[in-house]
Amino acid sequence: MPRAQIKDEKTYQKLRDQGESKEKSALIANASAAQGKKKVGRKGGESPPYTDWTKDDLLKRAREIGIEGRSSMNKSELVDALRNH
């Protein structure tokens, strides 16, 4: 059943099936519907990879998006948690 807030239901479902979060799937699906898949795919991020971040920066980002148990995680666990959020 189509949802009004999801602009590209097919892309959304494909991303969810691949294990992406609801939030991330919706953002990508809506961006691709508005701008076109090629443009969104080329866009990329301007931030360095998480592996290049300091542990303090990773903790701050994890806090911003509400990752549970972040204070007891080491750097590699934080990177994994942020990538799989």
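Pairs of residues two or more places apart, or lying in two chains, that qualify as salt bridge (Lys or Arg N to Asp or Glu O under 4.0 Å) and include a residue from residues 58-71 are Arg61-Glu64. Applying the salt bridge (Lys or Arg N to Asp or Glu O under 4.0 Å) rule to pairs touching residues 71-85 yields nothing, sequence neighbours excluded.
For Asn74, the side-chain hydrogen bond (donor to acceptor under 3.5 Å, both in side chains) test picks out Ser76, with sequence neighbours left out. Evaluation of the side-chain hydrogen bond (donor to acceptor under 3.5 Å, both in side chains) rule for Lys24 yields Glu20 as partners, not counting sequence neighbours. Remark: Asp57 engages Trp53, Thr54 in a side-chain contact (heavy atoms from CB on, under 4.5 Å) (not counting sequence neighbours). Under the rule for a side-chain contact (heavy atoms from CB on, under 4.5 Å), the partners of Lys22 that lie at least two apart in sequence or sit in another chain are Tyr12, Arg16. With sequence neighbours excluded, no residue forms a side-chain hydrogen bond (donor to acceptor under 3.5 Å, both in side chains) with Glu23.
Here OG of Ser21 is found 8.0 Å from CG of Leu27. Values are rounded to the nearest 0.5 Å. Atom CD1 of Ile67 is separated from atom CE of Met73 by 6.5 Å, given to the nearest 0.5 angstrom. Distance check: Ile28 CD1 to Thr11 OG1 gives 9.5 Å after rounding to the nearest 0.5 Å.
Contact record, Ala26 with Ile6: CB-CD1, 3.6 Å, taken as the closest heavy-atom pair.
Applying the 6.0 Å contact sphere to NZ of Lys14 captures no more than 12 heavy atoms from other residues, nucleotides or ligands.
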